[in-house]
Amino acid sequence: MERYNLIVVGAGPAGLSAAIEAGKRGMKTVVFDENAKPGGQLFKQIHKFFGSKEHKAKIRGFNIGSQLLKEAAEAGVTVQLNATVTGIFENKEITVNQDGAIHHYKADSVIIATGAAENMVPFAGWTLPGVIGAGAAQTMMNLHGIRPGKKILMLGSGNVGLVVSFQLLQAGCEVIALVDAAPRIGGYGVHAAKLARTGVPFYLGYTIKNVEGEDRVRAVTIGKVDAHFKIIPGTEIRFDADTVCVAVGLSPMSQLLKMAGCKMEDNPRRGGQVPLVDEYGETSVPCLFAAGDVSGIEEASSAMIKGRMAGLRAAWHLGFAEEADMQQTEKGYAADLDSLRQGMFAPCNRGKTIEQTDEGIPISQNLLARGFVADEEIARFPGFSRQKGLHPVIECTQNIPCNPCQDACKKHCIKIGSCITALPQVASDASCTGCGMCVASCSGQAIFLVHEDYEPGFTSITMPYEFLPLPQKGDKGKALSRSGKVLCDAEVLSVKASPAYDHTNLLTMKVPAAFSDTARFFKLLA
């Protein structure tokens, strides 16, 4: 039986972060993961993270995964893959299925970071080939380069459903509809908005009635639901489709914690059956910790911090960290975690209806119901501005934890302040150079550069663009509104790419001046 100071179960963001924290303090640490590749969900996440630079904001998920693996190697952590932990027993002994055999390991401390599994919802035809989880679609696209289908309907408007829908478009799929039984968008408004302006329709207050097909998905019918989430007869809409993606939440994979005898609770706000843990992730079983989604569903940025806190506590328990150092480090981690848990999407606000921003501005009801801020609503938010010359316009209208745009602008055109969930503001006395770093750094793709008097009668609008093939200078197309409807003719003035933009191209189009406040996407003519 091989012995370690620390065994970590799960090589995702929380598990790797915990192992790094322990390993760099001298603990003999091993990480077991059932998958063939480490990193958990990170290597499927091609979008840029939210938060601040301390939370790896504006860095794409797969790059964060690579950074964590490098840190783990430098800390002397051993990562064993294709290793399924099948049991955990008294005295921190675990069994692992590797190469078809059961191996026994023992540790002084164990951190469970097994993450969460996708939920499914049954409906007529839900077992047909072509009905898949959104996470499975993400794996197919971003790990294996396989398109899940051609015509796809997404069920679920949380961040997973919104982000994966956008990535399906990037992969060349057609997202025919985004459907959710809830009456409001569940995820970040900026994710919904970047999807809506491509033309994807939202059906809030609808759910799937049935999926048609014998050998695979051929069509799907949705219907409007009543107050009891029952489909109202006569409201059905039928779509031709070959794939249905389901993104209806996650459930913590807490089986090992139950097996270990940890005290558990059924907590819907944390995702289901979760262990009772203290603020450092320690369970009711001494020196047994839970970190990441297994202890409560949150974003990956929070999971990494919770992993580091658990790894640090495990090191302190075993004498690998001085108490003063531990307390000082934990203080910083606690502050980082607290900053991510502010704003309208804070864990304490789950299930609540938020009517206004922290600044007292009424929330866009159109955004919640249809996925985009209405033209008559946008001007009340501080990021929207009209100025002479080139200037940023920020269509970030919710208090989400994110501030890379403030750091990106060296001319201080954008102000957020010390609270990263505050709405960004455009400074009227600053001079924009047009560098585009704010546009490229925005994880929600919600910043545009507008030159209202580009030339007589015309405005130029610079926007983030992450689709292939890239349009070229001089290409003609159509400018689309926030809702994805065609507004007017548009001409590409330039498409800029730079290593500093990290694969977010900056497309500048020219449109009639009358559309400077409303044109927000470019569609190339076929």
Side-chain angles (χ1 to χ4, degrees), residues 118-138 140-141 147-171 173-213 216-250 351 353 364-373 482-485:
E118 290 190 280
N119 296 333
M120 289 299 290
V121 58
F123 43 78
W126 76 288
T127 59
L128 277 171
V131 179
I132 60 176
Q138 206 175 28
M140 294 171 70
M141 292 185 294
R147 284 192 297 188
K150 294 180 180 179
K151 297 172 70 69
I152 301 175
L153 182 139
M154 176 66 71
L155 179 66
S157 70
N159 279 336
V160 172
L162 298 172
V163 168
V164 175
S165 292
F166 193 77
Q167 292 176 4
L168 286 164
L169 296 177
Q170 291 175 306
C173 306
E174 179 187 356
V175 179
I176 57 175
L178 189 143
V179 177
D180 199 317
R184 295 184 169 199
I185 297 289
Y188 290 171
V190 288
H191 283 321
K194 71 182 184 183
L195 192 62
R197 61 179 174 256
T198 67
V200 174
F202 286 68
Y203 292 86
L204 279 298
Y206 283 78
T207 194
I208 294 176
K209 179 180 180 181
N210 66 281
V211 172
E212 300 173 31
R216 62 176 178 84
V217 174
R218 303 284 181 174
V220 56
T221 298
I222 66 172
K224 193 171 183 60
V225 298
D226 60 19
H228 303 287
F229 294 98
K230 300 294 184 183
I231 292 178
I232 302 170
T235 65
E236 293 87 353
I237 305 172
R238 185 180 181 276
F239 299 93
D240 290 329
D242 56 33
T243 307
V244 174
C245 284
V246 180
V248 292
L250 303 169
T353 300
S364 165
Q365 295 304 307
N366 203 76
L367 174 66
L368 297 178
R370 302 173 67 190
F372 61 94
V373 180
R482 295 182 184 89
S483 67
K485 293 183 178 179

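Since we're looking at a predicted model, the values are computed, not measured.
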With R197 via side-chain hydrogen bond (donor to acceptor under 3.5 Å, both in side chains) - residues at least two apart:
none

As an exercise, state the distance from SG of C245 to CD1 of I152, rounded to the nearest 0.5 Å.
5.0 Å

For Y188, check ring-ring contact (aromatic ring centres under 6.0 Å, His included) against everything at least two apart and list the hits.
F50, H191, F345

Give me each pair satisfying side chain to side chain donor-acceptor pair (under 3.5 Å) with a member in residues 218-227, each pair once, sequence neighbours excluded.
D215-R218

So which pairs with a foot in residues 156-168 pass side chain to side chain donor-acceptor pair (under 3.5 Å), sequence neighbours left out?
H47-Q167, Q138-Q167, N142-Q167, S157-D180, N159-E299

Would you name the heavy atoms of P148 and M140 that are closest together and state the gap between them?
CA-CE, 3.7 Å

For residues 119-138, pull every pair meeting salt bridge (charged side-chain N to carboxylate O under 4.0 Å, His left out), keeping only residues two or more places apart or in separate chains.
none

If you take all heavy atoms of L367 and G189, which pair is closest and at what distance?
CD1-O, 3.7 Å

Rounded to the nearest 0.5 Å, the CD1 atom of I222 sits from the OG1 atom of T235 at a distance of 8.5 Å

Donor-acceptor check, side chain of E118 to backbone of G135, threshold 3.5 angstrom: yes or no?
yes

Only pairs at least two apart or in different chains count here, so list each salt bridge (charged side-chain N to carboxylate O under 4.0 Å, His left out) that has a residue in residues 233-244.
K209-E236, E212-R238, R238-D240

Quick one: do V225 and I232 satisfy side chain to side chain contact (heavy atoms under 4.5 Å, CB included)? Show the steps, please.
CA-CA 6 Å; V225 298; I232 302 170; 5.9 Å; no

d(I185 CD1, L368 CG) to nearest 0.5 Å is 7.5 Å

Any salt bridge (charged side-chain N to carboxylate O under 4.0 Å, His left out) pairs touching residues 149-163, not counting sequence neighbours?
K151-E174

Would you call V164 and M141 a side-chain contact if the rule is heavy atoms closer than 4.5 Å?
yes

Once side-chain hydrogen bond (donor to acceptor under 3.5 Å, both in side chains) is applied, do any residues pair with T207, and if so which ones, sequence neighbours excluded?
none

Taking the ring of F239 and the ring of Y203, is the distance between their centroids below 6.0 Å?
yes

So, for V175 and L168, which heavy atoms are closest and what is the spacing to 0.1 Å?
CG2-CB, 3.9 Å

To check you understand the geometry: which heavy-atom pair defines the closest contact between F166 and T198, and what is its length?
CE1-CG2, 4.4 Å

Using side-chain hydrogen bond (donor to acceptor under 3.5 Å, both in side chains) as the criterion, list what pairs up with T243, not counting sequence neighbours.
none

Using residues 122-133 as the side-chain source, report each donor-acceptor pair under 3.5 Å to any protein atom, sequence neighbours left out, with the distance given to one decimal.
none

Classify the side-chain pair R370/Q365 by whether it contains a donor and acceptor separated by less than 3.5 Å.
no

Beyond-backbone contact of I208 with V211, side-chain heavy atoms, under 4.5 angstrom:
yes

Closest non-hydrogen atom pair, G161 against L178:
O-CD1, 4.1 Å

May I have all residue pairs that pass salt bridge (charged side-chain N to carboxylate O under 4.0 Å, His left out) and include part of residues 156-171, sequence neighbours excluded?
none

Heavy atoms of F202 and A192 approach each other most closely as CZ-O, 3.7 Å

Hits for side-chain hydrogen bond (donor to acceptor under 3.5 Å, both in side chains) against N210, two or more places apart or cross-chain, chain-then-number order -> none

